[in-house]
Protein chains: 2
Amino acid sequence: MTEPHWLNADERRAWLALLSINTLLPAALDTQLQAAGKLSLFDYNVLAMLSEAEGRFLPMSELAARTSASLSRLSHVVTKLQRRGWVEREAHPGDARVTVAHLTEAGMDTIVSLAPGHVDAVRALMLDAMSDDDVADLARIGEKIVARLDDDHWILRER
Amino acid sequence: MTEPHWLNADERRAWLALLSINTLLPAALDTQLQAAGKLSLFDYNVLAMLSEAEGRFLPMSELAARTSASLSRLSHVVTKLQRRGWVEREAHPGDARVTVAHLTEAGMDTIVSLAPGHVDAVRALMLDAMSDDDVADLARIGEKIVARLDDDHWILRER
DNA sequence: CTATTTTAGTTGAAGCTTCAAGTAAAGATC
DNA sequence: GATCTTTACTTGAAGCTTCAACTAAAATAG
């Protein structure tokens, strides 16, 4: 054990890189999505998670988990997406506390039309910079960090 | 070349992990800093970058670069930090367009008192989840992504 | 040297996120 | 089976970020 209170060279590099990616990557993806369809990366992700869910609906809590968002943030955003006709709120048959968010046809059309451009942007902005091994390493390390931040995060469920 | 328009398993894992880290890590660090000193991670970073600069001052543009922020965002935040007595704005002697942000003594005291807790949080939330090799890999891969997002980003300058 | 363009920064408004408080149903406790 | 606690949300206000518009100085072009 050396000093517990400061970062060594690699730790500092890793931390600063992550911090920078954290600011620049969402900003760049937001710009692309804003130009393509006047929505944010978070909006896109909400629609994407619903589109991949069975029946294209999810309880708000589950949708919040899959977008790593607070229920409050999600609630505001779903209200907005609802006004745009992309999502509807429905009651849950078995539990009256639960609100189910349901992707509409229009919402599905939107995400289908946006997905190719968005995926291209993700490739152009990060994946194309990396070798196959890098991608595998990042997946492995990234999931370790996610596990540390939230030990039953949904992306860890399938493994 | 296979399909350019979709992600394979590792790519998807890497992307989703990064997206989740991106939401959860700043939120957790914000919570810690909010509790310790009523400031955000971004506020902290502005103070930290100034504290590490020679003379503890930097032109707004340079400070914006080192915090990966827009000049507009930085301007608003510096105004806030100024009201709290942590930063001052000064004229640049050689170029009248430039505003120099200068860390005050009180600002320095603040960052000195907050740094240990913040570094502990960074360790607890991400570094402790990783082996030394992981840290080195993340530093290497992270810098590749940063280079792709901004090929003359300041964190790449020293190398 | 005058006009144009670029650089550096600020500002106010609009939109987004967080925070605290509140509602209501479900589950647990006694 | 009444009370207490927890779960699942929603809401409004406050604060933060982005966006577009603006000012002013420096650099460039003609």
key: Rounded distance (Å) that lies between atom P of C:dT17 and atom CZ of B:Phe42   = 17 Å
query = Roughly how many Å is it from CE in A:Met60 to P in D:dA8, rounded to a whole number?
reply = 13 Å
note = Residue set satisfying side-chain hydrogen bond (donor to acceptor under 3.5 Å, both in side chains) with B:Asp43, at least two apart, ordered chain then number -> B:Ser40, B:Lys80
inquiry  = Pick the closest DNA chain D nucleotide for A:Thr31 and for A:Arg89 by heavy atoms, then say which residue is nearer the 5' end.
reply    = A:Arg89
message = I want to check one thing: is the phosphate of D:dT10, taken as OP1 and OP2, less than 4.0 Å away from some side-chain N or O of A:Thr79?
response = no
query = With respect to the phosphate group of C:dC16, does any side-chain polar atom (N or O) of A:Lys80 fall under 4.0 Å of OP1 or OP2?
reply = yes
key: Side-chain H-bond candidate by donor/acceptor type, A:Thr67 with A:Arg73, under 3.5 Å   = no
query = What is the distance, rounded to the nearest whole Å, between atom CD of B:Gln34 and atom P of D:dA14?
reply = 16 Å
message = Between the base of C:dG12 and the side chain of B:His76, is one N or O donor paired with an acceptor at under 3.5 angstrom?
response = yes
query = Got A:Arg123 and B:Leu7 here, is their nearest side-chain heavy-atom distance under 4.5 Å?
reply = yes
task = Return the 5'-most residue of the pair B:Thr99, A:Arg73 with respect to DNA chain C, ranking by each residue's nearest nucleotide.
result = B:Thr99
With sequence neighbours excluded, residues passing side chain to side chain contact (heavy atoms under 4.5 Å, CB included) with B:Asn22 = A:Asn22, A:Pro26
Might you list the N or O atoms of the protein lying below 3.5 Å from N or O atoms in nucleotides 20-22 of chain D, with each pair's distance?
none

request  = Verify whether one side chain among A:Thr110 and A:Trp86 offers a donor that lies under 3.5 Å from an acceptor in the other.
outcome  = yes
inquiry  = Distance check needed: C:dT17 C1' versus A:Leu41 CG, whole Å only.
reply    = 15 Å
key: Heavy-atom side-chain proximity of B:Trp15 to A:Val135 below 4.5 angstrom   = no
remark   = When rounded to whole Å, the CZ to P distance for the pair B:Arg83 and C:dT10 reads 13 Å
What protein N or O atoms touch nucleotides 23-25 of chain C N or O atoms at under 3.5 angstrom, if any, and at what distances?
none

Spacing between A:Leu81 atom CG and C:dG15 atom P, to the nearest angstrom = 15 Å
What side-chain donor-acceptor pairs closer than 3.5 Å can you find for residues 52-64 of chain A, not counting sequence neighbours?
residue : atom : partner  : partner atom : Å
A:Glu52 : OE1  : B:Arg12  : NH2          : 3.4
A:Glu62 : OE2  : A:Arg66  : NE           : 2.7
A:Glu62 : OE2  : A:Arg66  : NH2          : 3.2
A:Glu62 : OE2  : A:Arg157 : NH2          : 2.6

query = Atom CG of B:Leu74 and atom P of C:dT10: how far apart are they, to the nearest Å?
reply = 8 Å
message = Please enumerate all residues that pass side-chain hydrogen bond (donor to acceptor under 3.5 Å, both in side chains) together with B:Glu88, with sequence neighbours excluded.
response = none
query = For B:Ser75, which contact category applies under a 4.0 Å heavy-atom criterion: base, sugar-phosphate, or nothing?
reply = base
ask   = Is it true that atom CG of B:Asp132 has more than 12 heavy atoms of other residues, nucleotides or ligands lying nearer than 6.0 Å?
value = no
note = From CG of A:Asp43 across to C1' of C:dC16 the rounded distance in Å is 10 Å
request  = Ignoring the backbone of A:Val98, work out which of C:dT10, C:dT18, D:dC9 is nearest its side chain.
outcome  = D:dC9
inquiry  = Check this for me: does any side-chain nitrogen of one of A:Asp10 and B:Arg140 sit under 4.0 Å from a carboxylate oxygen of the other?
reply    = no
